[in-house]
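Down below is the structure, laid out as structure tokens.
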Amino acid sequence: MKQVLCSLAASASLLITCGPAFAQENAAPATNPAALKEAFDGCFLVGTAMNRWFIMDEVPGVLDFAASQFNAVTAENAMKWGRINPSKGDYHFGIADALVDYAEANDMAVIGHTLVWHSQTPDWVFENWRGQSVDRDTLLERLEQHMEKVAGRYSGRIHGWDVLNEAILDDGSWRDSPWRRILGEDYVATVFEMAHEADPQAELYYNDYNMYLPGKRDAVVAMVKDLQDRGVPIHGIGMQGHFGLDRPSVEDFTAALDAYGALGLKVMITEMDVTVLPWPETLEVGADISAAAENRQELDPYTAGLPDDIAQAQADQYAAFFRELVARRDFVSRVTFWGVSDADNWKNNFPVRGRTDHPMLFDRYLRPKPAFDAVMAEAGPCRAE
Ligand code: G3I
């Protein structure tokens, strides 16, 4: 597995360090840990996100390993507009189809990600043949066709869709996306209604990062209340959960969980990871993928492996979050990790390319880390029910 994950990293341009020191330090074979999905069975689903190499079974063993640990799966990229429909009339469903088949064969809930996002949507969607912005009716028609082609294709097979991703900024103001500019202020209701039409059985979610920030939290609550007042179909709120060793505070995290739970909707952590690396001081903390900084040695301190004290700090952080999630199991319906192992998580390349991060519960060889044990130790109340 070690060799395989390292060569995977190379072929996928993940730029993961697989040097001799790292390999030696991690030389023990992977063991078979107890399963997350069973430990949290009485509380919520536990999911993973998969990229193309895993979904297409190019890394032997990962699909079976993931099915043994998780009971939900999200396509990390394969269902995004730019991947499915990069140019007009050109559709690529192979990877998304394979993911849905895999999930069904292994009794895993499929989470669709994502129908409407300002990012990873090709320019052609918003432009006419002259490269000028299309009018509202044209964009509505394209969106409706996308919903039919994608959400309609998997209708009845998707547990829930991240319908709208990242529409609100950290300060609570609206993101000035082409969707909002062209469709108008009420576009949020429209996209949820269209998604419901295309797949009436799927749960429909609003999904965003930094959802613990009070400004964003209050704006999301106001937006959702407005949708609920008007009878627009929305069933859940996804807090992405790209966290760090010192953020968010438990107070901010629980205040946000409770504010979303009070809306009577399902609340999910949809993209969880806890980075151990320093955040470049020149960038705002978040998951806005346009952020980038140059690599420097002091920004990449754990290329030779994760020191015990940092592994323990990460375990403590994961445990604190899971304790609060388990305590809110009446409305928390899922926790999904944004990847399977440290090797494939996006944080190795964000916001600095080519670092060696260790954000997940399983290391580069799929061995459980202290964070795994710490999370499992919080599952007691789930088993009692
Ligand atoms: O597959 C190509 C590869 O062939 C090529 O050699 C390489 C060169 O850069 O690029 C590879 O594609 C990259 C892909 O990740 C797979 O690693 C894309 O450039 C890169 O843009 C893409 O980033 C993804 C990002 O969304 C943008 O879509 C990340 O994997 C994915 O984890 C991330 O996920 C987002 C969620 O959808 C929304 N919330 C935030 C989260 C993190 O940004």
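Both counts, for ligands and for their atoms, begin at 1 and track the order of listing.
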Full working for side-chain hydrogen bond (donor to acceptor under 3.5 Å, both in side chains) between Asp308 and Gln312: CA-CA 6 Å; Asp308 289 347; Gln312 189 55 50; over 6 Å; no
Per atom 13 (C) of ligand 1, closest listed option by heavy atom (Arg83, Lys80, Arg52, Gln120): Arg83
Nearest candidate to atom 40 (C) of ligand 1, where distance is taken over non-hydrogen atoms, out of Lys347, Arg353, Glu271: Glu271
Using 4.0 Å as the upper bound for N to carboxylate O, is an ion pair formed by [Y] and [X]?
| X | Y | result |
| --- | --- | --- |
| Asp258 | Arg328 | yes |
| Arg153 | Asp97 | yes |
| Arg175 | Asp208 | no |
| Arg180 | Asp176 | no |

Proximity flag Trp117 to ligand 1, non-hydrogen atoms under 4.0 Å: yes
Ligand 1 contacted by Asn77 (non-hydrogen, < 4.0 Å): yes
Give yes if a backbone or side-chain nitrogen or oxygen of [X] is under 3.5 Å from a nitrogen or oxygen of ligand 1, and no if not.
| X | answer |
| --- | --- |
| His242 | no |
| Asn165 | no |
| His113 | yes |

State the atoms of ligand 1, each with its element, that fall below the 4.0 Å cut-off from a heavy-atom position in [X].
| X | answer |
| --- | --- |
| Gln240 | 38 (C), 39 (N), 40 (C) |
| Glu166 | 38 (C), 39 (N), 40 (C) |
| Trp338 | 31 (C), 32 (O), 34 (O), 36 (C), 37 (O), 41 (C) |

Option passing side-chain hydrogen bond (donor to acceptor under 3.5 Å, both in side chains) with Asn348 (candidates His358, Arg353, Arg364, Arg355): Arg364
Modelled atom types, side-chain donor and acceptor of Asn77 and Gln120, under 3.5 Å: no
